[in-house]
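Below is one structure, written out as structure tokens; the observations come after it.
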Amino acid sequence: MGDIFSGRKSVGGYEWVLSSPEDYKVAALVQTKSISDIVARILVSRNISPDDADDFLDPKLKNLLPDPFLLKDMDKAATRLARAVDDGETIGIFGDYDVDGATSSAILHRFLSECGVKNVSIHIPDRGDEGYGLSEKGIDKLSEAGATLIVAVDCGITAHAAVDYARSKNIDIIVADHHEAESSVPNAAAVVDPKRIDDDSGLDYLAACGVVFQLCVATNKTLREDGYFIQRDMTPPDLLKLLDLVAFGTVCDVVPLIGANRAFVVQGLKVLWQRQNEGIKTLCDISAIREQPTTFHLGYVLGPRINAGGRVGDSSLGAKLLTTRDKTEALIAAQKLDNYNTERKAVEEKIANAAILKAEEAMAAAPERPRFLLITGTNWHTGVIGIIAGRIKERFNLPTLVGAEASDGVVSGSARSIPGIDIGSAIIRAKEEGILTEGGGHMMAAGFALKSENLEKFRAFLDAYIARAQEGKPAVPTLAVDSLVDIAGITQTLMKDLARLEPFGSANDEPRFVIPNAKITGADAINGTHVKCYLRSDNGKSISAISYRTVGTPLGEALLNADGERFALAGFIKLHEYNGRKTLQFNITDAMEL
């Protein structure tokens, strides 16, 4: 990033890496697509070619929705599900307890209801009682409801024993999952998972809700071709109305916002703003969302409330909210989820303080920067350890695993990773080697369980696995920067240009900028948590800035003690709204002393 930053570490301990797109590619995009230089540079740095630029900047489902039958076993799944619809079978939906699981369950439930299916039951396992994934106990509950076909959504890809158990009870299973697969798949009626080793669809970026939507598209086509709707004088379901749920699950599961996922999110946000889903509409009202929702609202406002049911409350509540058409039921469910979210925050903060302290001690005790962090504690609430793993990962820029050790010596954990380290694959391999008793996930997030006596063996396995992934090189934390910007260049016009790159998310991060030379003044701690200050350049231009959750960190202390000193600052350009007035603001994520 120029001689002034080269080889230097920031206050946060990062090396900044500035994107350097090839100028001729940038010029080609500017000339052919009538876009600004900054947008073109970001597109080139993200390997978006001129041929793909239109679909990236204006993603339309008609251009980006893939043929669902490209997915392995989709023909079997659609045929079996269509037969169940036609024959009036009772259909069970077995989902996970996170947002992706809840939205996947709701998508399929709403589709089947629109097809005229009268008997559809959703089962979401209780985290404490049943654990994660397809289980015999859950199958029994759906069997008691009369289900002869169960569709496992956002789970099931490693559930060999549970699928065999269902078969013994003459219940067919369709798996619609997106988690990492083992070398063999369960002996189900159909196993649809783009991460199957023998799947060559190229759709491994989909969340489970995207896979389930594709299942609905395929089943709808099968029913049409079979004359199902004509014979019953029915209008086929309007699948576009389900896109609010697809967008919700896609954003919250942090899958790459590429290809069809971009279209799902862009079009889904438009559907969501129409407020046709009673549950989402009510949750927006409870959450005081009055403007058109964005990916931020899905990921950081609505998503945590749906997740709170599975973390500290009623795991089935999210799916109930997203499927109900009753206003009173929606209000009761949304209020409960909001209350659970408040409870979750209190539980999380208490455990997070202890876990972060352990992480800091592990970092200090390591002879060199570790490749990962594995933190465990007794009697930690399993419902919040995933969030805490994410917080520690963000703080230290390392793959982080957090485990809760129960009185019987079983450690249940969650993992969050960084780009370049496929934690889901690591967990699957550790399970196959017998180190873990349970495990599964995807590239950036996973869950696991093991006996406490295997913790050191697991630690050694991870160290070797990550070392191979890093080709033996020591882990060097880096911070990707899209461009330099002067304070005078932070304008409403720039914000409008950057908006063309939305939606932001995994594989399309919000652009990060560096202000190379700014004087920091008026720094103050807000609520004992955040640091607010003002930035001024040599030409007299200034802008307000904030650094979230950094009080007590090296970054927060550097800002609070700056007292007019100059820094290079990395962060994001935001619109801050207060009392109906919108102003530009710089959100600081790192700093470098000049």
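Shown here is Phe572, whose CZ atom has more than 12 heavy atoms of other residues, nucleotides or ligands within 6.0 Å. Heavy atoms of other residues, nucleotides or ligands lying less than 6.0 angstrom from CE of Met443 number 12 at most. No more than 12 heavy atoms of other residues, nucleotides or ligands sit less than 6.0 Å from atom NZ of Lys519.
The CD1 atom of Ile93 sits 6.0 Å away from atom OG of Ser105, with the distance rounded to the nearest 0.5 Å. Between atom NE2 of residue His442 and atom OG of residue Ser425 there is a gap of 11.5 Å, rounded to the nearest 0.5 Å. Atoms OG and CG, from Ser547 and Asp590 in turn, are 9.0 Å apart once rounded to the nearest 0.5 Å. Here Glu502 contributes atom CD and Arg262 contributes atom CZ; the two are 9.0 Å apart, rounded to the nearest 0.5 Å. Atom CZ of Arg275 and atom CH2 of Trp273 lie 7.0 Å apart (nearest 0.5 Å). Atom CG of residue Asp98 and atom CG of residue Asn307 lie 6.0 Å apart, to the nearest 0.5 angstrom.
Under the 4.5 Å side-chain criterion, counting only non-hydrogen atoms from C-beta, Pro66 is in contact with Leu203. Thr103 has its side chain out of reach of Val246: every pair of non-hydrogen atoms, C-beta onward, lies at least 4.5 Å apart. With a 4.5 Å cut-off on side-chain heavy atoms, Leu401 and Leu373 do not count as touching. In this structure, Lys195 and Ile157 have side chains that are not in contact, with every pair of non-hydrogen atoms separated by 4.5 Å or more. Two residues are said to be in side-chain contact when any heavy atoms from C-beta on lie closer than 4.5 Å; Thr323 and Ile122 meet this criterion. Under the 4.5 Å side-chain criterion, counting only non-hydrogen atoms from C-beta, Leu272 is not in contact with Asn277. Contact annotation: the side chain of Ile280 approaches that of Leu245 to within less than 4.5 Å [non-hydrogen atoms, C-beta and beyond]. Residues Ile423 and Arg416 are not in side-chain contact: their nearest non-hydrogen atoms beyond the backbone lie 4.5 Å or more apart.
The minimum heavy-atom distance linking Val211 with Pro194 is given by the pair CG2-CD, 3.8 Å.
In this structure, the ring of Phe264 has its center less than 6.0 angstrom from the ring center of Phe213.
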Could you please spell out the steps behind the salt bridge (Lys or Arg N to Asp or Glu O under 4.0 Å) verdict for Lys33 and Asp54?
CA-CA 8 Å; Lys33 303 302 176 185; Asp54 289 336; 3.2 Å; yes

Can you list the steps and then say if His576 with Ile546 is a side chain to side chain contact (heavy atoms under 4.5 Å, CB included)?
CA-CA 10 Å; His576 176 63; Ile546 193 166; over 6 Å; no

What's the verdict on salt bridge (Lys or Arg N to Asp or Glu O under 4.0 Å) for Glu394 and Arg549, showing C-alpha distance, side-chain angles and the deciding distance?
CA-CA 11 Å; Glu394 290 295 329; Arg549 301 183 87 159; over 6 Å; no

Pair Asp55, Leu64 - check side chain to side chain contact (heavy atoms under 4.5 Å, CB included), show working.
CA-CA 8 Å; Asp55 282 338; Leu64 294 170; 3.9 Å; yes

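Taking the charged nitrogens against the carboxylate oxygens, Glu329 and Lys320 have no contact shorter than 4.0 Å, which rules out a salt bridge. A salt bridge links Asp482 to Arg46: at least one charged side-chain nitrogen sits closer than 4.0 Å to a carboxylate oxygen. A salt bridge links Glu510 and Lys574; the closest N-O separation between the charged side-chain nitrogens and carboxylate oxygens is under 4.0 Å. A salt bridge links Asp338 with Arg305: the closest approach of a Lys/Arg side-chain nitrogen to an acidic carboxylate oxygen falls below 4.0 angstrom.
At distances below 3.5 Å, at least one donor-acceptor pair connects side-chain atoms of Arg512 with backbone N or O atoms of Ala480. Formation of a donor-acceptor pair under 3.5 Å by the Asn508 side chain with backbone atoms of Leu501 is found in this model. A donor-acceptor contact shorter than 3.5 Å links the side chain of Arg110 to the backbone of Leu322. When atom types are taken as modelled, the side chain of Thr342 and the backbone of Tyr340 share no donor-acceptor pair closer than 3.5 angstrom. Between the Asp100 side chain and the Cys209 main chain, a donor and an acceptor come within less than 3.5 Å of each other. A donor-acceptor pair under 3.5 Å is absent between the side-chain atoms of Thr250 and the main chain of Ala247, judged by distance alone. When atom types are taken as modelled, the side chain of Asn561 and the backbone of Glu557 share a donor-acceptor pair closer than 3.5 angstrom. Remark: the backbone N or O of Gly313 is not paired with any side-chain donor or acceptor of Glu343 at under 3.5 angstrom.
Side-chain contact, Asp204 with His178: no donor N or O sits under 3.5 Å from an acceptor N or O. Under the 3.5 Å distance criterion, with hydrogens and angles disregarded, a donor-acceptor pair is assigned to the side chains of Asn587 and Gln585. Side chain to side chain, His381 and Glu348 fail the donor-acceptor criterion of an N or O pair below 3.5 Å. Counted by atom type alone, Asp285 and Thr282 present zero donor-acceptor pairs between their side chains at under 3.5 Å. Side chains of Asp314 and Ser316: a donor-acceptor N/O pair is present below 3.5 angstrom, by distance only. For Thr478 and Glu15, the side-chain atoms include no donor-acceptor pair closer than 3.5 Å.
The side chain to side chain contact (heavy atoms under 4.5 Å, CB included) check on Ser19 picks up Pro21, Ser45, with sequence neighbours excluded. Scanning for salt bridge (charged side-chain N to carboxylate O under 4.0 Å, His left out) contacts around Glu278 gives Lys281, with sequence neighbours left out.
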